[in-house]
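Because the structure is a prediction, the values reported are computed rather than measured. Naming convention: chains lettered A, B, ... in sequence-line order (proteins, then strands); numbering from 1 in each chain.
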Amino acid sequence: MAERTTARTTDAARPPEFEQGSELVTPVVAWYRTAARDLPWRRPDATPWAVMVSEFMLQQTPVVRVLPVYEAWLDRWPTPAALAAEPAGEAVRAWGRLGYPRRAQRLHAAASAIEEDFDGVVPDTYEDLASLPGVGEYTAGAIASFAYKKRHIVLDTNVRRVLARAVSGVEYPAPSTTPADRRIATALLPEQPADAAEWAAASMELGAVVCTARTPRCDECPVASLCTWVAAGKPAYDGPPRRGQTYEGTDRQARGRLLAVLRDTHGSVPREELEAAWTRDVAQRERALSSLLADGLVVVLDGERFALAQ
DNA sequence: GATGCGTGGAT
DNA sequence: TATCCAAGCAT
């Protein structure tokens, strides 16, 4: 660090990340213009609501699995008002097997908040967006950028991996967004909002299809020659174990099995039918059911029948 | 800041 | 087969 402040004579005020990273923007955007996938939420006719729906669905779920559910969702609920007019349980049912059904619940709650507080219009500022249920730092920036072409850093796992490799020279980013990530992304952000929005989409796309986690296609990368990680000889990740969480036999799996019964049944089911979905561990089943009730994903009707939220 | 929260395809 | 990973968020 100290070495940098003394070494830079001409433009010492500029953050070092700008020197290292600004050259990335032009080639990545140029590549994006020729290589971008044709995804429905990127088309000119995609509404801010459509962008918002896609962002919720894409949180932790791959594009190929989102596509059919996204299309059906927007056919049925083309506006926030349309979704808000139906019970939250219908959103959970339409969510299908995308996973993390609380996202469906939050998307429904966000639609209601848009209807209530924003006259049915998806807000266009980061602060208003971030006030909505299920909208955090990434999603607020993404909607502002993609739907409204605002100038904002957009840090998802793809972009953070691209920056980790190209700028920081390490194989993987930290498990979650760090202040250093924000500093680097801010330093690279183009001045013009339209350019910033395109860079956001382009850098995300690069991480999704070229600079992938497992087997990066560096031979197809437009900035391989500028990449710090490549220049360093692609050193392997050196740090604590990155994830390692099994799913089989967890409470999450039990919740998923219980909810699947209700998703596939219109109306309510008796307790016995729900219980049949998870018999390997009774205590675990009760824990799962209790948590689903506590989350409001499941409700009890007249005594001993269960249903998705009405 | 660490945890909990679904699901399924790829390796 | 087991593990990794996929446009995170809320608590």
Task: Residue whose nearest DNA chain C nucleotide is more 5′ - A:Leu39 or A:Pro133 - done: A:Leu39

Open item on the list: Tell me which pairs pass side-chain hydrogen bond (donor to acceptor under 3.5 Å, both in side chains) where either residue lies in residues 102-121 of chain A, with sequence neighbours left out.
Closed with: A:Thr61-A:Arg103

Whole angstrom value for the distance that separates [atom2] of [N] from [atom1] of [X]:
{"X": "A:Leu67", "N": "C:dA7", "atom1": "CG", "atom2": "P", "result": "13 Å"}
{"X": "A:Gln253", "N": "B:dG4", "atom1": "CD", "atom2": "C1'", "result": "15 Å"}
{"X": "A:Arg102", "N": "C:dA10", "atom1": "CZ", "atom2": "C1'", "result": "7 Å"}
{"X": "A:Glu55", "N": "C:dA6", "atom1": "CD", "atom2": "P", "result": "16 Å"}

So does [X] get a side-chain nitrogen or oxygen closer than 4.0 Å to the phosphate oxygens (OP1/OP2) of [N]?
{"X": "A:Arg103", "N": "C:dA6", "answer": "no"}
{"X": "A:Thr139", "N": "C:dC9", "answer": "yes"}
{"X": "A:Gln60", "N": "C:dG8", "answer": "yes"}

Under 4.0 Å between any heavy atoms, over every strand shown, what does [X] touch: base, sugar-phosphate, or nothing? Just pick one.
{"X": "A:Leu259", "value": "nothing"}
{"X": "A:Arg287", "value": "nothing"}
{"X": "A:Ala142", "value": "nothing"}

Task: Pair listing, salt bridge (Lys or Arg N to Asp or Glu O under 4.0 Å) test, anchored in residues 258-269 of chain A, at least two apart - done: none

Task: Point-to-point distance, once rounded to the nearest 0.5 Å, from OG of A:Ser54 to CD1 of A:Ile143 - done: 8.0 Å

- [ ] Anything under 30° is parallel, anything over 60° is perpendicular, the rest tilted; go ahead and classify A:Tyr126 against A:His152.
- [x] parallel

Task: Side chain of A:Trp41 (C-beta onward), nearest among C:dA7, C:dC5, C:dC9 - done: C:dA7

Open item on the list: Before we go on, tell me: are the rings of A:Trp73 and A:Trp95 under 6.0 Å apart, centre to centre?
Closed with: yes

Task: Close aromatic pair by centroid cut-off 6.0 Å: A:Phe146 and A:Trp41 - done: no

Task: Contact nearer the 5' end of DNA chain B, comparing A:Gly96 with A:Arg106 - done: A:Arg106

Restricting to nitrogen or oxygen on both sides, can you table the protein-nucleotides 8-11 of chain B pairs closer than 3.5 Å?
from	atom 1	to	atom 2	distance (Å)
B:dG8	OP1	A:Arg97	NE	2.3
B:dG8	OP2	A:Arg97	NH2	3.1

